[in-house]
Amino acid sequence: MNHFVSMKDLSAGEIQQLIKLAEQYERGQYSNLTKEGKRFVANLFYEPSTRTKMSFEVAEKKLGLEILDFHCDSSSEQKGESIYDTAKTFSSIGAEALIIRHPVDNQVQLLAEQLPVPVINAGDGKGEHPTQSLLDLYTMYKEFSYFKDLKVLMIGDILHSRVARSNALALKTLGAEVFLSCPKEWQDPNIDYPYLDLDEAIEHCDVAMLLRIQLERHQHQTNLSAQQYLARYGLTKEREQRMKSNAIIMHPAPVNRNVEIEDCLVECERSRIFKQMEYGVYTRMAVLNMLLNKGDEAVGENHQTMYAHAQQW
Ligand code: NCD
């Protein structure tokens, strides 16, 4: 693994390896990635972020890495510098990995092809968000310990969601059963899973994954009010009560309360929304380790055994 830009690049074995490493981090079994001298990484966020940026920062600090923090507004981007030149600058001055979020689809992949250091995609437009997917997978794994035939229902703005795209790819690799539910105009013909009626699907899923309405990426405004959206496509208390007894609720956040999900459900017993945020730290530590130390901290099962076990997920 040289970069972490798309879930399509990861085999089931590699996903399992990252999950196992994240588990070690959750248990507190790790040491710094910096045995001798300082090691730098750069967080280049060209789009707003709270969870992703901050949990990368916590992950980096826990691993003893020094962070080069970048602010678009006060950078040479304001003088017209290209993102390639900015990113190359960071690698030239010593950043050993670049964590990049950008509003343009595929921009991070392009940079990864051009730069001499590992690049991590922290979300590119409507493209992908692989570290969010990894923390989502970790959340499911912690709950169910398997992926094969796990029923995952993704609900909401499928067309504009990079989270949906990355999870669709990863869950296919892992053999889960994915189905989707959303307004017709937000269906994505490139995501090859069945679209079902929410009222029917909600009763059969193990995971109900809600997606934020990506207003900033919409070409046209939707005609639905928040109340209408919740009633037709959102997770209401009434729908939640018809879910399987052990089914869980997920949402990458930020949440539009009372739009995608009824306010009272955000922190209900089934909700793993804030757990997902915690897991984002361990999974991002695992990704950083894989790229900067080639997963050298993995203890217990060797990689060969992990690949063999992955087939049984
Ligand atoms: C997601 C994102 O930015 O793509 N949020 C996140 O990273 N936690 C989802 C979203 O913004 O809807």
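Along the sequence shown, residues are numbered consecutively beginning with 1. When a ligand or atom number is given, it counts from 1 through the structure's own listing order. Just the heavy atoms: all of them, side chains too, but no hydrogens, waters or symmetry mates, feed the values below.
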Peer 1: Of all the atoms in ligand 1, which lie at a distance below 4.0 Å from a heavy atom belonging to T52?
Peer 2: 6 (C), 7 (O), 8 (N)

Peer 1: With respect to L18, which candidate in L134, T131, N289, L137 satisfies the side-chain contact (heavy atoms from CB on, under 4.5 Å) definition?
Peer 2: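 The passing option is L134.
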
Peer 1: Does at least one non-hydrogen atom of P254 fall below 4.0 angstrom from an atom of ligand 1?
Peer 2: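 Right, P254 reaches ligand 1.
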
Peer 1: With ring centroids as reference points, do Y138 and Y279 lie under 6.0 angstrom apart?
Peer 2: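 Y138 vs Y279: aromatic centres under 6.0 Å.
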
Peer 1: Can a cation-pi geometry be assigned to K62 and Y282, taking NZ or CZ under 6.0 Å from the six-membered ring centre and within 45° of the ring axis?
Peer 2: no

Peer 1: A253 near ligand 1, heavy-atom distance under 4.0 Å?
Peer 2: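 Yes, that is the case, since the closest heavy atom of the residue is under 4.0 Å from the ligand.
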
Peer 1: Out of all atoms in ligand 1, which are within 4.0 Å of some heavy atom of Q132? Include the element for each.
Peer 2: 6 (C), 7 (O), 8 (N)

Peer 1: Please check if F4 and L171 belong to a single hydrophobic cluster, counting links between Ile, Leu, Val, Met, Phe, Trp and Tyr side chain heavy atoms closer than 4.5 Å.
Peer 2: yes

Peer 1: Where the closest heavy atom to atom 12 (O) of ligand 1 is concerned, which of H251, Q214, Q276 has it?
Peer 2: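 It is Q214 that holds the nearest heavy atom.
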
Peer 1: Hey, do the aromatic rings of Y146 and Y141 have their centres closer than 6.0 Å?
Peer 2: no

Peer 1: Could you check R272, E143, M250 and say which one makes a side-chain contact (heavy atoms from CB on, under 4.5 Å) with V207?
Peer 2: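 Exactly one candidate clears the test, M250.
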
Peer 1: Does the ring of F45 carry R101 above it, NZ/CZ under 6.0 angstrom from centre and within 45° of its axis?
Peer 2: no

Peer 1: From atom 2 (C) of ligand 1, work out which of K126, R212, E47, R162 has a heavy atom at the shortest distance.
Peer 2: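 Among K126, R212, E47, R162, the closest heavy atom to atom 2 (C) of ligand 1 comes from R162.
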
Peer 1: Are any of the heavy atoms in M277 under 4.0 Å away from ligand 1?
Peer 2: no

Peer 1: Tell me whether P252 has any N or O atom under 3.5 angstrom from an N or O of ligand 1.
Peer 2: yes

Peer 1: Please could you name the atoms of ligand 1 that R101 approaches to less than 4.0 Å, counting only its heavy atoms?
Peer 2: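 With R101 as reference, the close atoms of ligand 1 come out as 2 (C), 3 (O), 7 (O).
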
